[in-house]
2 protein chains.
Amino acid sequence: MAHTYEYPRAALTVDCVVFGFDGGELQVLLIRRGLAPFKDKWALPGGFVRVEETLDDAARRELEEETGLREVFLEQLYTFGTVKRDPRERVVSIAYFALVKPGAVTAATDAAEAKWFPVSDLPSLAFDHADILTTALTRLRGKLTYQPIGFELLPPKFTLTQLQRLYEAVLGEPLDKRNFRKKALSYDLLIPLKEKHQEGPHRPAQLFRFDPVKYEKLKKKGFLFEI
Amino acid sequence: MAHTYEYPRAALTVDCVVFGFDGGELQVLLIRRGLAPFKDKWALPGGFVRVEETLDDAARRELEEETGLREVFLEQLYTFGTVKRDPRERVVSIAYFALVKPGAVTAATDAAEAKWFPVSDLPSLAFDHADILTTALTRLRGKLTYQPIGFELLPPKFTLTQLQRLYEAVLGEPLDKRNFRKKALSYDLLIPLKEKHQEGPHRPAQLFRFDPVKYEKLKKKGFLFEI
DNA sequence: CCAAAAGTGTTGAAACTACACCCATGG
DNA sequence: CCATGGGTGTAGTTTCAACACTTTTGG
């Protein structure tokens, strides 16, 4: 440990799996690579970690540089470090997963080389990014059932049906409407608004917003949000 | 991304949080540092990742070099990358947590500078190793209640009381004997052996072993081991 | 026969699942 | 008035939590 300078070092990168929800299907944001290796292939947004920034900072910076996204939910996922995952040289990548609300991207991205893909129909990906994506999906499914992170994928005001569609899209199975609503409301973390959501020729739906303050209080008491 | 060689690089290390169980309290294995910085302070076993080995390999290698442990349960935990966590230079560390069965260490370790500490009475630690340890403990607690990893901390043959003591030590709360036994046996993953465990002037206890093959089958069907 | 840990069932409360109809609106 | 999605309650089943005594052994 005294001779750290004698050895060659791996390069360090961050990669972000950015999830979005369009109301129907779960989506992932990918970037088309402009440079070799894997030129013109789709890849996760990401890049090299600078020596004077934290890993979280690097992930946020790269996300903003490549997609324009700011202030998103971001969480470290896993670190990928097989020896040959980058054909050029040894590269270790700390993967993150991000959840963004609808609209955040169209507003921010230069439409240039970033594009949403439904998770059910992904193109082939550069490096080991398909593995990273699979890991992120598994984590998202697991997390969704015991932590209220689904709200990060919805607009600030949403209906219970939107919330249910999201859960169904992520978990990949239909849920019972009445049971879902009972459960979702039972924690008293959804605040009904005075407004209604109107679209189409049918009864308008009650809008809710999530109460993050109340959630933080509950969390400290060792609380689990399970659906 | 084309100019990776122009930038200074962080050093990469692995650190292992090694948990053990002595029948009473949950323990962590620490190493006394022989070199600066933090000379003579206690620290997690770990060291630099070589450029031609995977992260998992590095963790196993360091664990064996510093503690003599082999063939332990090992899982990646989290990657720590704040800028000043090592006073010498930028060091990013991939933390692992390991679970070892009783006896594995006394047999393997040169008794030299490795020592078990109960989690309730830890010395002050080098670097940000206290943070890493806290993260590992939280993960262990969470994992124990939905995955059967407790067996990695017990001898191959164990009694239900030993298993209960372990859960109580990790979770930090007493559990009801009858309910615990019912639940533990309900999954049909514990195989009763012909032998009994005798110690002290009282009724001998039934010994069990965990059935990992059956567990793998169940796991593929999306099964959760919850206690 | 005493001390010490092993082992065993039941009951009331709570949570979960399955399931079908009326409501409000726009066109 | 019709089509569309919004909204609601109950009954049977399962799971959970609480709780106390008998058994086997060694000394």
Side-chain angles (χ1 to χ4, degrees), chain A residues 21-25 144-146 148 154-155 157-169 171-209 218 221-227, chain B residues 21-25 144-146 154-155 157-169 171-209 218 222-227:
Chain A
F21 182 61
D22 65 358
E25 237 189 312
L144 195 64
T145 57
Y146 66 91
L154 291 177
K157 302 171 183 178
F158 53 87
T159 69
L160 289 180
T161 300
Q162 288 175 312
L163 186 62
Q164 184 178 346
R165 294 282 170 272
L166 167 62
Y167 272 77
E168 291 174 333
L171 302 178
E173 60 183 10
L175 299 172
D176 180 86
K177 181 162 61 157
R178 279 179 284 193
N179 294 337
F180 180 85
R181 293 163 97 93
K182 235 179 297 171
K183 199 74 183 281
L185 293 174
S186 68
Y187 301 104
D188 214 25
L189 287 171
L190 300 185
I191 304 172
L193 303 173
K194 287 179 184 148
E195 311 158 62
K196 306 257 167 167
H197 178 76
Q198 180 58 289
E199 74 161 10
H202 53 81
R203 182 171 173 176
Q206 179 64 244
L207 282 168
F208 294 85
R209 70 177 181 83
L218 284 171
K221 295 181 191 160
F223 159 85
L224 281 183
F225 181 90
E226 288 171 354
I227 280 206
Chain B
F21 182 62
D22 66 357
E25 236 189 313
L144 196 65
T145 57
Y146 66 89
L154 291 177
K157 301 170 183 179
F158 54 86
T159 69
L160 288 180
T161 300
Q162 288 175 312
L163 186 63
Q164 185 179 345
R165 294 282 169 273
L166 167 62
Y167 272 78
E168 289 174 335
L171 302 178
E173 60 182 11
L175 299 172
D176 180 86
K177 181 161 63 154
R178 281 179 283 193
N179 293 338
F180 180 85
R181 294 164 96 93
K182 236 179 297 171
K183 199 75 184 279
L185 294 174
S186 69
Y187 302 103
D188 213 25
L189 288 171
L190 301 185
I191 303 172
L193 303 174
K194 286 181 185 144
E195 310 158 63
K196 305 257 167 168
H197 179 76
Q198 180 58 289
E199 75 162 9
H202 54 80
R203 180 169 175 177
Q206 178 65 246
L207 282 168
F208 293 84
R209 68 178 183 83
L218 284 171
F223 158 85
L224 282 184
F225 181 90
E226 288 171 354
I227 280 205

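Any value given below was found using the heavy atoms of this structure, including those in side chains, with hydrogens, waters and symmetry copies removed. In what follows, chains carry the letters A, B, and so on, assigned in the order in which the sequence lines appear, proteins first and then strands, with residues in each chain numbered from 1. These numbers come from a predicted model, not from an experiment.
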Assess whether side-chain contact (heavy atoms from CB on, under 4.5 Å) is satisfied between B/Leu193 and B/Lys157, documenting all intermediate values.
CA-CA 8 Å; B/Leu193 303 174; B/Lys157 301 170 183 179; 3.5 Å; yes
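- What separates NZ of B/Lys196 from P of C/dA6 is a distance of 12 Å, to the nearest Å.
- Annotation: side chain of A/Phe180 is in contact with side chain of A/Leu163 (closest heavy-atom distance under 4.5 Å).
- The aromatic ring centres of B/Phe208 and B/Phe158 sit 6.0 Å or more apart.
- The shortest heavy-atom contact between A/Ala184 and A/Leu190 is O-CD1, 3.8 Å.
- Dashed line: the shortest gap from a side-chain N or O of B/Arg181 to OP1 or OP2 of C/dT8 is not under 4.0 Å.
- Summarising the geometry, the separation between CD on B/Gln164 and C1' on C/dA5 is reported as 12 Å, rounded to the nearest angstrom.
- B/Ala169 approaches B/Gly24 most closely through the heavy-atom pair CB-O, 3.7 Å.
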Give every pair of a protein N or O atom and an N or O atom of nucleotides 10-17 of chain D that lie under 3.5 Å apart, one pair per line with the distance.
unit_1, atom_1, unit_2, atom_2, d
D/dT10, O4, A/Lys182, NZ, 3.0

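- No contact: A/Thr159 has no heavy atom under 4.0 Å from any strand.
- Between the OG1 atom of B/Thr161 and the CG atom of B/Leu166 there is a distance of 12.5 Å, given to the nearest 0.5 Å.
- Contacts with DNA chain C (heavy atom under 4.0 Å) in residues 198-206 of chain B: B/Pro201, B/His202, B/Arg203, B/Pro204, B/Ala205, B/Gln206, listed by number.
- You'll find the side chain of B/Phe21 reaches within 4.5 Å of the side chain of B/Arg165, heavy atoms only.
- Computed from coordinates, the A/Leu207 CG to D/dG7 C1' distance equals 14 Å when rounded to whole Å.
- Residues B/Asp176 and B/Lys182 are not in side-chain contact: their nearest non-hydrogen atoms beyond the backbone lie 4.5 Å or more apart.
- Spacing between atom CG of B/Leu185 and atom C1' of C/dG9 amounts to 15 Å, rounded to whole angstrom units.
- Contacts between residues 171-178 of chain A and DNA chain C, defined by a heavy-atom separation below 4.0 Å, involve A/Asp176, A/Arg178, listed by number.
- With A/Gln206 contributing its side chain and A/Pro192 its backbone, the two residues share no donor-acceptor pair below 3.5 Å.
- For the pair A/Phe180 CZ and D/dT8 P, the computed distance is 14 Å after rounding to whole Å.
- Between the CD atom of A/Gln162 and the P atom of D/dG7 there is a distance of 11 Å, rounded to whole Å.
- Residues A/Gln198 and A/His202 share a closest heavy-atom pair of OE1-O, 3.3 Å.
- Looking at B/Gln164, its side chain does come within 3.5 Å of a backbone N or O of B/Leu175 through a donor-acceptor pair.
- In terms of phosphate contacts, B/Thr161 brings a side-chain nitrogen or oxygen within less than 4.0 Å of OP1 or OP2 of C/dA6.
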